[in-house]
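Numbers restart at 1 for each chain; the letters A, B, ... are given by sequence-line order, proteins then strands.
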Amino acid sequence: MRRALLLALRDLRLEVRDRAGLLSVLAFFGVMLFIMALALGPEEAPLRRAAPGVLWVALAFASTLLSTRAFALEVEDGTLDDLLLVPGGKEWVYFGKLLFQMLLLLPLSALAFLMAAGLFYLPLEKALPILLTLALGTLGYASVATFYAGLLARLRGREVLLPLLLFSLVVPVVLSAVRATAGLVEGLPLSEVASWWQLLAVFDVVYLTASALLFPVVMEG
Amino acid sequence: MLLRLEAISKRFGRDWVLRDLSFALDRGEVVALLGPNGSGKTTLLRLMAGLLKPTRGRVERGGRVLFLPNPPAFHRHLTAREHLLYDLAFHGGRGDWRGALVRFGLPENLPLAAFSSGMKKRLALARLILLGPDLWLLDEPETALDGEGRELLLKVLQEARQGAGVVLATHDRALAAQVADRTLELGVA
Amino acid sequence: MLKATVSDRPDLFTWAFLGLGLLLLPLGLYLALSAPPDVNQGYLARIMYLHVPGAWLGYLAFFVTFLYSLLYLFRQDPRYDRVALASAEIGLVFMGLALVTGMLWARPTWGVYWTWEPRLTTTAILFAVYVGYFLLRGAIEDPELRRKAAAAVGILGFINVPISYMSVKWWRSLHQTQSIDLTTGKIHMAPEMLQALLFNLLVFTLLYLGFVRLRALVAALEARKEEA
């Protein structure tokens with residue numbers, strides 16, 4: 001798994017040097033939150049009620065954009081074959097790419113939370129449980145997104161196809177994540193929110209296992 | 001036996017690119033793959049590498065494989081040093097990357113985006129020497145190389161012959177005659 | 001590695017399933033329309049005889065797609081892919097039937113055709129997943145990649161089936177809970193109604209089997225034409 005970590009860090013380095021991809025995601029994300037805030041504001045109550053939904057809609061779109069980056073540079077530079085020719089299994093490529101996605105998504109969700117706190121009056125004192133929800137939700141999302149990004153890497157028109165496929169598959173994850181976030185914002189006791197966390201964790205485990213097992217099968221040949 | 005193809009055929013959509021081809025390669029052999037454009041040389045190399053699956057037939061490999069595409073594929077945002085270090089780490093190898101760069105006359109810290117196509121070819125050779133696979137699959141390795149680069153390529157192929165097997169696709173019949181023990185001619189299907 | 005030659009015509013089983021299914025369909029409808037009205041819902045409950053078998057067969061069809069997608073990925077035989085494809089397509093039809101009958105029932109009962117409650121939402125998602133399955137198939141030209149990508153959707157998408165089935169329990173949804181609970185084996189239904197329902201379920205299953213075999217045959221003929 002050292003290779004996976006190394007691959008994730010290398011991709012992070014490449015992405016930072018490439019800039020274009022990351023900047024477009026960030027810009028899109030910021031603009032989206034601002035427009036939502038303008039559209040739903042300025043009263044505090046509706047903004048606060050809309051916050052969990054807005055947060056997850058923005059995150060879902062941003063992570064879909066981001067997921068196309070998982071293999072984008074690999075395809076542009078034609079280096080995907082090199083990775084697949086490394087002796088041994090191919091799972092490490094999946095885990096490396098997933099880790100890379102998570103390394104981008106986690107700071108992005110933290111940023112999203114801060115922006116939503118500022119624009120939509122999300123309660124800052126709930127930061128820890130909300131961030132846990134964000135982490136669980138993005139992991140479920142990214143595990144499927146990485147898998148599909150790999151599968152469709154060589155396909156033309158993947159930018160259109162990927163969101164289409166992803167959204168229908170990960171709606172359960174987004175749904176439970178929104179519910180958990182909404183519960184936290186409404187001030188429900190943690191024990192009630194915990195059942196959503198459990199569900200999210202189950203999704204994460206199922207999607208992660210299935211994707212990791214299927215990835216080598218679909219990538220060969 | 002390093003590589004064995006048993007009656008393989010490959011089809012893209014409706015078109016057969018290769019039909020009923022059998023081939024075997026041992027260590028210490030260099031085989032040149034000849035044929036006009038569109039005769040399926042690159043496809044055959046990719047099949048040998050395991051990057052494509054044959055529509056029919058079997059491919060067996062006994063060893064580590066590297067495939068050098070034409071043009072060579074590198075991450076343009078990395079420097080030559082970084083690229084070789086990552087390659088070594090992924091393949092679990094240990095080698096003198098600095099020596100390899102010096103030998104092929106390449107700068108360490110220039111991003112690969114600034115490399116000319118000849119320099120990329122040289123880097124590809126350096127990478128092959130460094131990773132030392134058992135089976136070398138080279139797609140038109142001689143293109144874009146200058147006279148000195150060509151000399152280096154000939155040397156590299158001689159070194160590869162010690163213990164590894166090489167298949168190289170080329171349009172350069174002089175090169176093929178010079179380095180290859182056998183040739184395999186593909187026709188347009 | 002296509003084995004054997006594909007027959008041009010449906011075999012005996014296909015004809016038998018289809019014929020028997022079509023023959024018994026009017027009988028099933030008769031039983032449904034002569035079943036006693038429900039205590040609370042009156043005659044409206046009769047839509048259940050189409051709704052429940054439709055939903056069940058939809059779930060079953062997606063399960064078959066899941067199974068054959070797995071088989072395809074591990075055996076790489078296009079025949080498995082064709083069954084997965086056929087089952088997904090027929091499953092969509094049955095699921096569509098369940099959605100439409102559900103909406104027709106919801107209008108007089110809940111006052112609206114559609115509401116975003118868990119069962120309906122998860123079922124709509126399920127429907128969308130398998131619509132995505134066909135969009136994906138249509139978008140990929142290379143047959144092998146198409147089959148692989150579709151198989152992946154067939155496997156990962158199936159996780160929505162248990163979610164959809166269990167949603168009425170997990171989320172205390174507006175949709176009523178199962179009358180025949182497959183997880184506990186409890187049945188909450190009058191015997192006459194149960195008979196009519198089970199009969200319709202049988203008819204739908206026969207039709208499902210017949211149509212899947214027919215559709216897989218058509219897919220095989222298509223593949224042969226594509227390869228020729």
Please check if atom CZ in B:Phe23 has more than 12 non-hydrogen atoms from other residues, nucleotides or ligands closer than 6.0 Å.
-> yes
Side chain to side chain, B:Phe74 and A:Asp77, heavy atoms closer than 4.5 Å | no
Which atom pair, heavy atoms only, marks the closest approach of B:Phe90 to A:Val86?
-> O-CG1, 3.4 Å
salt_bridge(A:Arg13, B:Glu82) N-O dist < 4.0 Å = yes
What distance separates B:Leu51 CG from A:Leu85 CG, expressed to the nearest 0.5 Å?
-> 4.5 Å
Would you mind checking which part of B:Arg127 comes under 4.5 Å of any heavy atom in chain A, side chain (CB onward), backbone (N, CA, C, O), both or neither?
-> side chain
Give a yes or no on this: more than 12 heavy atoms of other residues, nucleotides or ligands lie within 6.0 Å of atom CZ of B:Phe12.
-> yes
Heavy-atom contact with chain A under 4.5 Å, split by part of B:Phe67 | both
Pairs of heavy atoms under 4.5 Å with chain B: top-ranked of A:Leu80, A:Leu83, A:Leu73 | A:Leu73
Select one option (side chain, backbone, both, neither) describing which atoms of B:Arg76 are under 4.5 Å from chain A's heavy atoms.
-> both
What's the spacing between A:Leu14 CG and B:His75 NE2 if we round to 0.5 Å?
-> 5.5 Å
Side chain to side chain contact (heavy atoms under 4.5 Å, CB included) between B:Tyr86 and A:Arg3: does it pass, once the steps are laid out?
-> CA-CA 9 Å; B:Tyr86 280 123; A:Arg3 285 191 298 190; over 6 Å; no
Nearest heavy atoms of B:Ala73 and A:Gly78, plus distance in Å | CB-O, 3.1 Å
Classify the side-chain pair A:Glu15/B:His77 by whether it contains a donor and acceptor separated by less than 3.5 Å.
-> no
Please say whether more than 12 non-hydrogen atoms of neighbouring residues, nucleotides or ligands are located less than 6.0 Å from CZ in B:Arg182.
-> yes
Separation between CG of B:Leu52 and CG of A:Asp81, rounded to the nearest 0.5 Å = 8.5 Å
